[in-house]
2 protein chains.
Amino acid sequence: MVQDSIQTLQAQGYKATRPRKLVLEVLEESEKPISPYDIQGILRTRGKQINHVTIYRTLDLLCRLNLAHKMMSGGGFLKCSLNAAEGCHRFMVCQDCGAIQEFANKELCREENQLARDLGFHTEHHLSEFYGLCSGCYEK
Amino acid sequence: MVQDSIQTLQAQGYKATRPRKLVLEVLEESEKPISPYDIQGILRTRGKQINHVTIYRTLDLLCRLNLAHKMMSGGGFLKCSLNAAEGCHRFMVCQDCGAIQEFANKELCREENQLARDLGFHTEHHLSEFYGLCSGCYEK
DNA sequence: AGACAATTGCAACAATGTTGCATTTATCTT
DNA sequence: AAGATAAATGCAACATTGTTGCAATTGTCT
């Protein structure tokens with residue numbers, strides 16, 4: 001998965017640098033959004049020293065390429081688990097345990113874009129966040 | 001419109017204070033997302049001095065009540081122009097001029113929630129942001 | 001008008017994000 | 001495999017944004 005992102009980077013002419021690989025690894029492992037400083041902290045515990053400026057720049061890049069997203073809730077960053085399905089990403093955020101799951105649906109995506117089109121808006125990509133309870137937390 | 005929000009506040013047991021009214025007024029006037037410090041700045045030019053801590057707390061409250069939202073892009077705050085249609089808010093963000101337009105669609109909203117349900121997720125409310133070009137900017 | 005709980009302002013602080021520039025590194029060429 | 005070169009990193013300093021506890025104030029209810 002990290003490998004996929006690296007390839008995307010290179011395909012667009014960006015270099016596969018050590019800091020970028022490390023940031024991608026950390027994002028990959030986390031199922032919850034994490035902040036730039038969180039990422040730096042995790043890497044430090046592994047003896048990998050990366051400047052926070054670099055992390056910011058890396059995250060900016062990943063977001064521009066739709067490989068990661070900044071969440072509305074909390075503001076942390078999350079690696080997209082699905083490779084940009086028509087530029088449409090949906091995240092379900094459990095308000096109890098904080099777990100996040102991504103899903104895609106092309107049909108829905110087309111409908112949404114069409115609706116926007118009807119209002120004169122030309123959509124390039126879109127993001128959705130659903131807030132509620134995951135199955136586990138709903139049981140209680 | 002500000003009046004509606006004030007009523008919602010009071011209906012939930014919150015007080016209709018001077019700072020809250022002022023913040024709502026500023027949000028109401030702006031069609032683009034604005035930051036807490038922007039709001040403070042605008043108020044200051046009108047001779048209204050409001051502490052930034054208060055503005056933060058007010059925005060937190062408005063977001064909790066779904067009267068405003070923090071946008072993913074840029075992180076600014078925006079007053080919802082539509083009164084929470086089934087807890088579903090859609091914003092179209094023009095990547096050229098920055099204009100934002102909100103729209104709602106109950107049918108789509110139901111479909112989305114159903115899809116999430118199929119995955120075991122119980123949605124309480126959700127937010128979408130569409131990025132692209134508004135009709136004006138698309139012409140060019 | 002007075003009481004009471006909610007809200008604000010203040011001060012100090014903590015976290016997060018940004019810029020310019022010298023140094024380093026990945027990739028391409030030969 | 002070594003060198004050239006453009007891109008990317010690290011550093012330092014700074015700027016902005018967000019948070020906490022507590023005393024003073026204010027809106028609402030009686």
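In what follows, every chain begins at residue 1, and chains take the letters A, B, ... in the order their sequences are listed. Computed from a prediction, not measured in an experiment: that's the story for all the values here.
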> What does nucleotides 25-30 of chain D look like as a protein-contact string, B for base, S for sugar-phosphate only, - for none, at under 4.0 angstrom between heavy atoms?
Replying inline: -BBS--

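Aromatic pair B/Tyr131/A/His126: centroids not less than 6.0 angstrom apart.
Following rounding to the nearest Å, A/Asp60 (CG) and C/dT18 (P) show an atom-to-atom distance of 7 Å. Distance CZ (B/Arg64) to C1' (C/dA6): 13 Å, rounded to an integer number of Å. A/Leu22 has its CG atom 13 Å from the C1' atom of D/dT9, to the nearest Å. We find that NZ of B/Lys48 is positioned 17 Å from C1' of C/dT8, with the value rounded to whole Å. In this entry the distance linking CD1 of B/Ile39 with P of C/dT8 reads 14 Å, nearest Å. What separates CG of B/Asp38 from P of D/dT16 is a distance of 12 Å, to the nearest Å. Going from atom OH of A/Tyr37 over to atom P of C/dG17 covers 7 Å, rounded to whole Å. Remark: P of D/dA8 and CD1 of A/Ile50 are 15 Å apart, rounded to the nearest angstrom.
A donor-acceptor contact shorter than 3.5 Å is absent between the side chain of B/Arg20 and the backbone of B/Ile6. Panel note: side chain B/Thr58, backbone B/Thr54; a donor-acceptor pair is recorded below 3.5 Å. Judged by distance alone, with hydrogens and angles left aside, the side-chain atoms of A/Thr8 form a donor-acceptor pair with the main-chain N or O of A/Asp4 at under 3.5 Å.
Distances from the side chain of A/Thr54 to the nucleotides D/dG18, D/dA13, D/dG10 place D/dG10 closest. Distance from the side chain of A/Asn51 is smallest to D/dC11 among D/dT9, D/dC11, C/dT8. The side chain of A/His52 approaches D/dA13 more closely than any other nucleotide in the set D/dA13, D/dT9, C/dG9. Comparing D/dG18, D/dT9, C/dT18 by their nearest atom to the side chain of A/Arg57 picks out D/dT9.
Rounding to the nearest 0.5 Å places OG of B/Ser128 at 7.5 Å from CZ of B/Phe103.
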Taking only nitrogen or oxygen atoms into account, show me every contact under 3.5 Å that the protein makes with nucleotides 28-30 of chain C, one pair per line with its distance.
none

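Annotation: of the two residues near DNA chain C, A/Val53 and B/Thr58, the 5′-most nearest-nucleotide partner is B/Thr58.
Using a 4.0 Å cut-off, some side-chain N or O of B/Tyr56 falls inside it from OP1 or OP2 of D/dG18.
For A/Glu112 and A/Lys106, the salt-bridge test fails: no basic side-chain N is under 4.0 Å from an acidic carboxylate O. Here B/Glu129 does not pair with B/Arg90 in a salt bridge; the nearest charged N to carboxylate O distance is not below 4.0 Å.
Between B/Phe91 and B/His69, the angle of the ring planes goes over 60°, which puts this pair in the perpendicular group of the 30/60° scheme. Note on ring orientation: taking the six-membered ring where Trp is involved, the planes of B/His122 and A/Tyr138 are parallel (angle under 30°, cut-offs 30° and 60°).
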